[in-house]
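Notes follow the structure.
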Amino acid sequence: MSTSQETQPHWSLKQSFAERVESSTHPLTSYLFRLMEVKQSNLCLSADVEHARDLLALADKVGPSIVVLKTHYDLITGWDYHPHTGTGAKLAALARKHGFLIFEDRKFVDIGSTVQKQYTAGTARIVEWAHITNADIHAGEAMVSAMAQAAQKWRERVPYEVKTSVSVGTPVADQFADEEAEDQVEELRKVVTRETSTTKDTDGRKSSIVSITTVTQTYEPADSPRLVKTISEDDEIVFPGIEEAPLDRGLLILAQMSSKGCLMDGKYTWECVKAARKNKGFVMGYVAQQNLNGITKEALAPSYEDGESTTEQEAQADNFIHMTPGCKLPPPGEEAPQGDGLGQQYNTPDNLVNIKGTDIAIVGRGIITAADPPAEAERYRRKAWKAYQDRRERLA
Ligand code: BMP
């Protein structure tokens, strides 16, 4: 796919990650750029291992080499969903210890109302432990703003802990802090417990004295700004090179895939670019196979007649971060990495970061199936960082 950047590289391709901090529109992206400079790493580990205990052990060992750890929580056996002591909470503690962000590769795609619930509620409560998640926007741009709203709503409550109390009496609606709690009251109004006494009325009919059991949820300031508090002292170690990550949540739009025969065409990718430009407060960037900053419709889908386009000015302002899976080093003596026989296509870190202009190389089996994963992660870190340095040198 040809891009306008081949003739005129976008400014973000030439700048260092440190320089890009200034013009980032998302606090988590600014933080990530700074973290990348501190750790001299633009490596993400795709930790697709079998069991939750393997995931935690791997994250602890490989943590020093990476800036992002990517999960698929739904392929992990033994994932513990407890919000304070479960796998998400433990991963969050390891992220603080080693200085990396957690990216749940959930690829949300549905109507806005459904994705809001999938993101913030249900079993996994992804928003609580994953700094970053992603969306396949085939369902339309509205799901991006719906997820942004859900993240914002969650964010506003973060410094508070939920206190649940149970009382007996008649509930008053304005005791409740939010709509959800009000709905609960409505439900509870219907659940009438005939408790105390039953008397005979003057006309001889039975009547009941009714009392209502109320579950009240209030939000109280927590001691620490962290939502997820963990259990052991060891979990309180904090990476010394930089402050803890901000509590903001971010989205990556799945704009292109590495798999053979992928149906995401230029028109879809262009819609991703427009959705990103429209939702800068929540969208950090893309999962893509090439750099999309400054890209035009002509470069992606020249014959596509879209309703509204973006301006040249908007395109110029792009400073999205690009994370790229399908990354592997070739075996010794070979030039190019082979696919996995199941449709996955691989590129080297140099091809992705230096030539195609993406920022973070996502590596899974290249590291996890190696004899010594931490040593292999270091090798990938060095290669991906060198590819970034080579890009800057090449375009200077
Ligand atoms: P591996 O390096 O082992 O092939 O793993 C790649 C990881 O990245 C997998 O978790 C996969 O789901 C994910 N991924 C991908 O391979 N290509 C894409 O385009 C998007 C992905 O999320």
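Just so you know, ligand 1 is whichever comes first in the structure, and atom 1 is the first atom listed for that ligand.
In terms of protein heavy-atom proximity, atom 7 (C) of ligand 1 is nearest to S46 OG, 3.4 Å. The nearest heavy-atom contact from the protein to atom 1 (P) of ligand 1 is Y346 OH, 3.5 Å. The protein non-hydrogen atom at the shortest distance from atom 2 (O) of ligand 1 is G364 N, 2.9 Å. Scanning all protein heavy atoms for the shortest distance to atom 9 (C) of ligand 1 gives D48 OD2, 3.3 Å. Scanning the protein for heavy atoms near atom 11 (C) of ligand 1, the closest one is H72 NE2, 3.9 Å.
When non-hydrogen atoms are compared, ligand 1 lies under 4.0 Å from neither the backbone nor the side chain of K328. Contact annotation for P325 and ligand 1: only side-chain heavy atoms (C-beta onward) come within less than 4.0 Å of the ligand.
Within the listing of ligand 1, atoms 18 (C), 19 (O), 20 (C) sit less than 4.0 angstrom from a heavy atom of M257. Near D105, with a cut-off below 4.0 Å to any heavy atom, the atoms of ligand 1 are 12 (O), 13 (C), 21 (C), 22 (O). Of all atoms in ligand 1, numbered sequentially from 1 with element shown, those under 4.0 Å from a heavy atom of R365 are 1 (P), 2 (O), 3 (O), 4 (O). Heavy-atom contacts of Q344 reach the following atoms of ligand 1: 4 (O), 6 (C), 15 (C), 16 (O) (cutoff under 4.0 Å).
When D350, D359, N354 are each tested for a side-chain hydrogen bond (donor to acceptor under 3.5 Å, both in side chains) with R391, only one passes: D359. When Y119, W79, Y81 are each tested for a ring-ring contact (aromatic ring centres under 6.0 Å, His included) with W129, only one passes: W79. Y304 pairs in a side-chain hydrogen bond (donor to acceptor under 3.5 Å, both in side chains) with only one of the listed residues (K267, E271, K297, E298), which is E271.
Looking at E314 and K278, no side-chain N of the basic residue comes within less than 4.0 Å of a carboxylate O on the acidic one, giving no salt bridge. Checked for salt-bridge contact, E243 and R96 miss the test: no charged N lies under 4.0 Å from a carboxylate O.
The aromatic ring centres of H138 and Y268 sit less than 6.0 Å apart.
Between I362 and ligand 1, a contact under 3.5 Å exists for no N or O pair. At a 3.5 angstrom cut-off on N or O pairs, K70 counts as close to ligand 1. Geometrically, ligand 1 and S258 share a nitrogen or oxygen pair separated by less than 3.5 Å.
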Inset, instruction - Report the C-alpha separation of E50 and T77 in whole Å, then their side-chain angles, then the decisive distance to 0.1 Å, and conclude whether the side chain to side chain donor-acceptor pair (under 3.5 Å) test is met. - result: CA-CA 6 Å; E50 227 176 280; T77 304; 5.5 Å; no
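No more than 12 heavy atoms of other residues, nucleotides or ligands lie within 6.0 Å of NZ in K383, so this atom counts as exposed by the packing criterion.
With no hydrogens or angles considered, no side-chain donor-acceptor pair links Q389 and E393 at under 3.5 Å.
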